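Just so you know, residue 1 is the first one in the sequence shown, and it goes up from there. From a predicted model like this one, the values you see are computed outputs, not experimental measurements.
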Amino acid sequence: LKEVRRRIGLAFQYPEYQLFEVDVLSDVCFGPKNQGLSKEECEAQAKEALQLVGFPEKYYHQSPFELSGGQKRRVAIAGILAMHPKVLVLDEPTAGLDPKGRDEILDQVAQLHEKTGMTVVLVSHSMEDVAKYVDRLIVMNQGEVRFDGRPVEVFHHYKELEEIGLAAPQTTYLMQELKKRGADVNTDATTVEEAADAIEAWLRASK
């Protein structure tokens with residue numbers, strides 16, 4: 001289990017509560033330091049991780065407690081990335097953030113996934129976020145797997161999702177309602193962009 005733990009990085013729902021050092025760089029160095037790396041190696045991995053999450057270098061020596069909520073999240077995630085995990089688990093990483101901060105964090109995580117190929121497990125109740133960012137969706141209820149597949153496949157079961165306290169993205173409900181009213185639209189659309197394209201395609205075909 002110890003070896004498995006080394007391969008997995010976990011960011012809690014409010015990862016800023018994980019911060020405790022006097023400055024940002026020291027905080028991100030903490031993990032590598034506990035892995036037995038030299039000071040030079042720690043700083044190299046910390047700076048690499050901070051760059052991966054898009055954190056500005058001018059704040060490296062600032063207290064993490066003086067940062068904005070979104071910046072604190074980036075530092076906390078960088079502290080995990082500095083240990084080079086194979087899997088990154090994010091538990092509600094956008095909790096408490098405003099829409100701009102939420103998009104910035106998730107966009108950064110998506111870019112991180114693309115750059116490194118790291119597996120990212122995103123725990124979230126926001127189906128809009130899930131629809132936009134994930135490749136595979138696993139729905140859990142009372143410790144059991146209810147659905148497992150691509151988001152578009154799982155969202156077809158939106159009625160069953162409601163029964164366990166979840167919901168599909170608002171665009172799913174919109175497209176289903178349009179279909180009921182006679183519009184020949186693609187109900188697989190789950191994001192705003194996909195919905196706009198589907199509605200545009202239907203309007204063109206209707207001319």
Side-chain angles (χ1 to χ4, degrees), residues 8-18 53-54 68-74 76-77 80 87-114 118-206:
I8 301 174
L10 171 63
F12 300 116
Q13 183 168 351
Y14 293 96
E16 56 268 29
Y17 295 159
Q18 297 172 232
V53 298
S68 69
Q71 288 174 327
K72 288 178 180 178
R73 301 283 167 100
R74 293 188 188 213
I77 293 172
I80 297 164
V87 178
L88 177 62
V89 181
L90 302 174
D91 182 11
E92 301 279 5
T94 61
L97 296 181
D98 58 30
K100 182 174 182 293
R102 183 189 68 223
D103 290 345
E104 286 179 351
I105 287 293
L106 292 178
D107 285 345
Q108 204 68 52
V109 170
Q111 290 176 27
L112 175 68
H113 170 67
E114 291 177 7
M118 178 187 299
T119 297
V120 179
V121 178
L122 173 66
V123 181
S124 177
H125 285 81
S126 170
M127 295 300 104
E128 277 73 23
D129 292 343
V130 166
K132 184 175 180 180
Y133 292 100
V134 311
D135 301 314
R136 177 184 176 189
L137 172 58
I138 301 174
V139 178
M140 303 289 295
N141 184 46
Q142 301 295 327
E144 296 182 355
V145 175
R146 288 293 302 272
F147 301 102
D148 182 354
R150 295 184 300 123
V152 65
E153 296 168 345
V154 174
F155 292 146
H156 280 305
H157 301 277
Y158 64 97
K159 292 292 186 183
E160 290 134 288
L161 290 176
E162 291 174 353
E163 292 173 4
I164 59 176
L166 293 174
Q170 290 300 310
T171 49
T172 296
Y173 293 100
L174 171 64
M175 303 310 284
Q176 292 290 345
E177 185 63 28
L178 287 173
K179 191 78 170 180
K180 288 178 184 176
R181 298 191 182 199
D184 187 18
V185 293
N186 181 7
T187 56
D188 284 349
T190 55
T191 67
V192 172
E193 293 78 14
E194 290 172 350
D197 290 342
I199 293 171
E200 183 180 9
W202 165 62
L203 291 174
R204 285 181 177 176
S206 302

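Side-chain contact between L90 and I105 is absent, with no heavy atoms from C-beta onward closer than 4.5 Å. Side-chain atoms of F155 and D188, non-hydrogen and from C-beta on, never get closer than 4.5 Å to each other. Side-chain contact between M127 and V130 is present, with at least one heavy-atom pair separated by less than 4.5 Å.
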Taking only distance into account, with no hydrogens and no angle test, what donor-acceptor pairs under 3.5 Å do side-chain atoms of residues 160-171 form with protein atoms, sequence neighbours excluded?
unit_1: E160; atom_1: OE1; unit_2: H157; atom_2: ND1; d: 3.3
unit_1: E162; atom_1: OE2; unit_2: Y173; atom_2: OH; d: 2.7
unit_1: T171; atom_1: OG1; unit_2: T190; atom_2: O; d: 2.5

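Panel note: side chain Q18, backbone F12; a donor-acceptor pair is recorded below 3.5 Å. Between the side chain of N141 and the main chain of E144, no donor-acceptor pair closer than 3.5 Å is present.
For the side chain to side chain contact (heavy atoms under 4.5 Å, CB included) test, residues two or more places apart in sequence or in another chain that qualify with A95 are Q13, Y14, E92. With sequence neighbours left out, the side chain to side chain contact (heavy atoms under 4.5 Å, CB included) criterion links E153 to R150. When the side-chain hydrogen bond (donor to acceptor under 3.5 Å, both in side chains) test is applied to Q111, no partner is found at least two apart in sequence or on another chain. Remark: R136 pairs with D148 by the salt bridge (charged side-chain N to carboxylate O under 4.0 Å, His left out) rule, at least two apart or across chains. The side-chain hydrogen bond (donor to acceptor under 3.5 Å, both in side chains) search around K100 returns E104, not counting sequence neighbours. Looking at residues two or more places apart in sequence or on another chain, you find a side chain to side chain contact (heavy atoms under 4.5 Å, CB included) between D184 and K179, W202. Applying the salt bridge (charged side-chain N to carboxylate O under 4.0 Å, His left out) test to E193 and every residue at least two apart in sequence or in another chain returns nothing. Take T119 and apply the side-chain hydrogen bond (donor to acceptor under 3.5 Å, both in side chains) test, not counting sequence neighbours, and it matches no residue. Shown here are the side-chain hydrogen bond (donor to acceptor under 3.5 Å, both in side chains) partners of Q108, two or more places apart in sequence or in another chain: R74.
Judged as a ring pair (Phe, Tyr, Trp, His ring centres under 6.0 Å), not a single pair has a partner in residues 91-113 (not counting sequence neighbours). Residue pairs that meet the salt bridge (Lys or Arg N to Asp or Glu O under 4.0 Å) test with at least one member in residues 121-133, sequence neighbours left out, are R102-D129.
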* Step by step, work out the side-chain contact (heavy atoms from CB on, under 4.5 Å) result for V87 and M118. => CA-CA 6 Å; V87 178; M118 178 187 299; 5.8 Å; no
* **Check against side-chain contact (heavy atoms from CB on, under 4.5 Å), H156 and T187** => CA-CA 9 Å; H156 280 305; T187 56; 4.1 Å; yes
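Between the OG1 atom of T191 and the CG atom of D197 there is a distance of 8.0 Å, given to the nearest 0.5 Å. Put simply, CG on L106 and OG on S126 are 8.0 Å apart, with the number rounded to the nearest 0.5 Å. Here L122 contributes atom CG and I138 contributes atom CD1; the two are 12.0 Å apart, rounded to the nearest 0.5 Å. Atom CD1 of I199 and atom CG of L174 lie 5.0 Å apart (nearest 0.5 Å). Expressed to the nearest 0.5 Å, how far CD1 of I80 lies from CD1 of I8 amounts to 12.0 Å.
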